[in-house]
Engineer: 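Starting off with a structure, shown below.
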Amino acid sequence: MNNLIEKIKQLKKQCNAVLLVHNYQRDKVQDIADYLGDSLGLSQQAAKTSADVIVFCGVHFMAETAKIISPKKTVLMPDPHAGCPMAEMIDVKKLKELKSQNPKAAVVCYVNSSAAVKAESDICCTSANAAQICRSVQKDEIIFIPDKYLGRYVSTQVKNKKFILSSGFCPTHAKIMPEHISQAKKSHPQAKVIVHPECRPETIILADAVLSTRGMIKYAQESSAGEFIIGTEIGILYRLRRDNPAKYFYPALEQAVCPNMKLTTLEKVLWSLEDMETKITVPAEIADKARTAIEKMLSM
Ligand code: 13P
Ligand code: SF4
């Protein structure tokens, strides 16, 4: 194991590579991160890094976003099969239909989407800034894609705008049902309940706080509470426990595991650096249009 980590470190140095890791990755992959964070933090890092190579430990839309923001850099995915099913739930054809049915609406696109869909959108958002981005949009109508649950939650936080939602959702967060929260609350009555806005509305309503993964990390650190029930992908519990050794964290649902996030392993990170594979590419005409929507978000 140490040998593996040593080799990764050596190769990283040789290629001037940086390892960007999402909060849902395996514990061992989190441990070797140069930057560990949420979708927004990872895009910000991709924009400002001086490295030549970005090894992206997350899912495909995240690596694609990094490549769009930093087109001159080599962006590698240790396992290119790590997709996001939610991102597949809308395509350009469906988006164009929504646009022609709602010609006065602006399109706000969750980063969990393909580059081609981003290219047809006005502005991107992540779960950390979705409400802020929607409030900033000048138009009164918003087509929010692809997550219907995040879109619905954001619509409760933004006044005087009409939301048109599509039908996407995250299969991992959709597994977390209100019964799981009620059960966990029975076992840990003092615990604060924190859930991700990708959860179902009936689950969200039972939470003390609805937060992106970066929001959860901040909340747990700053809260005077000592126990927390966490309604999101369970990978984040490793970091929460590591950062807050005196506090207790319980998963709302132990089975809330994103199989795609778990495809990346230390071995695959090493092979990725050895072979400079798999390189993420985005056709220039799509990347140029998608970059406008991503940069608008990052400038806020
Ligand atoms: P965050 O932006 O909160 O890290 O979430 C990304 C994601 O894919 C949630 O399922
Ligand atoms: Fe996609 Fe859900 Fe996995 Fe996040 S947790 S990457 S939204 S499938």
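As the structure lists them, so they are numbered: ligands from 1, and atoms in each ligand from 1.
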Engineer: Give the numbers and elements of all ligand 2 atoms closer than 4.0 Å to a heavy atom of Val59.
Structural biologist: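 Listed by number with element: 6 (S).
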Engineer: Could you tell me, atom by atom, which parts of ligand 2 come under 4.0 Å of a heavy atom of Pro85?
Structural biologist: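 Listed by number with element, the hits are 8 (S).
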Engineer: Less than 4.5 Å apart, side chain to side chain, heavy atoms only: is that true for Ile133 and Met300?
Structural biologist: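 Counting from C-beta outward, Ile133 and Met300 do come under 4.5 Å.
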Engineer: Could you tell me, atom by atom, which parts of ligand 2 come under 4.0 Å of a heavy atom of Glu198?
Structural biologist: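 Per the distance check, 2 (Fe), 7 (S).
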Engineer: Flag the pair Arg239 and Asp27 as a salt bridge only when some basic side-chain nitrogen lies within less than 4.0 angstrom of an acidic carboxylate oxygen.
Structural biologist: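 No.
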Engineer: Any nitrogen or oxygen of Tyr110, side chain or backbone, less than 3.5 Å from one on ligand 1?
Structural biologist: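 There is no such contact.
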Engineer: Name the closest protein heavy atom to atom 6 (C) of ligand 1, giving the residue it belongs to and the distance to 0.1 Å.
Structural biologist: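 Of the protein heavy atoms, Ser39 OG, 3.3 Å lies nearest.
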Engineer: So, Lys289 and Glu120, do they make that salt bridge, N to O below 4.0 Å?
Structural biologist: yes
Engineer: Would you say Arg214 and ligand 1 have an N/O pair spaced under 3.5 Å apart?
Structural biologist: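 Min N/O separation from ligand 1 is not below 3.5 Å for Arg214.
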Engineer: Starting from atom 10 (O) of ligand 1, find the nearest protein heavy-atom neighbour and note its residue, name and distance.
Structural biologist: Glu198 OE1, 2.8 Å
Engineer: Does the distance from a Lys or Arg side-chain N to an Asp or Glu carboxylate O, for Lys161 and Glu141, drop under 4.0 Å?
Structural biologist: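 Not counted as a salt bridge, because no side-chain N and carboxylate O are separated by less than 4.0 Å.
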Engineer: Pick one of side chain, backbone, both or neither for how Asn112 approaches ligand 2, counting any non-hydrogen atom pair under 4.0 Å.
Structural biologist: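 Within the 4.0 Å criterion, Asn112 contacts ligand 2 through side-chain atoms alone.
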Engineer: Does the distance from a Lys or Arg side-chain N to an Asp or Glu carboxylate O, for Glu222 and Lys218, drop under 4.0 Å?
Structural biologist: yes
Engineer: Under 2.8 Å from atom 2 (Fe) of ligand 2, is there an N/O/S atom belonging to Cys170?
Structural biologist: yes
Engineer: In terms of side-chain geometry, is the basic nitrogen of Lys139 or Asp122 positioned less than 4.0 Å from the acidic oxygen of its partner?
Structural biologist: no
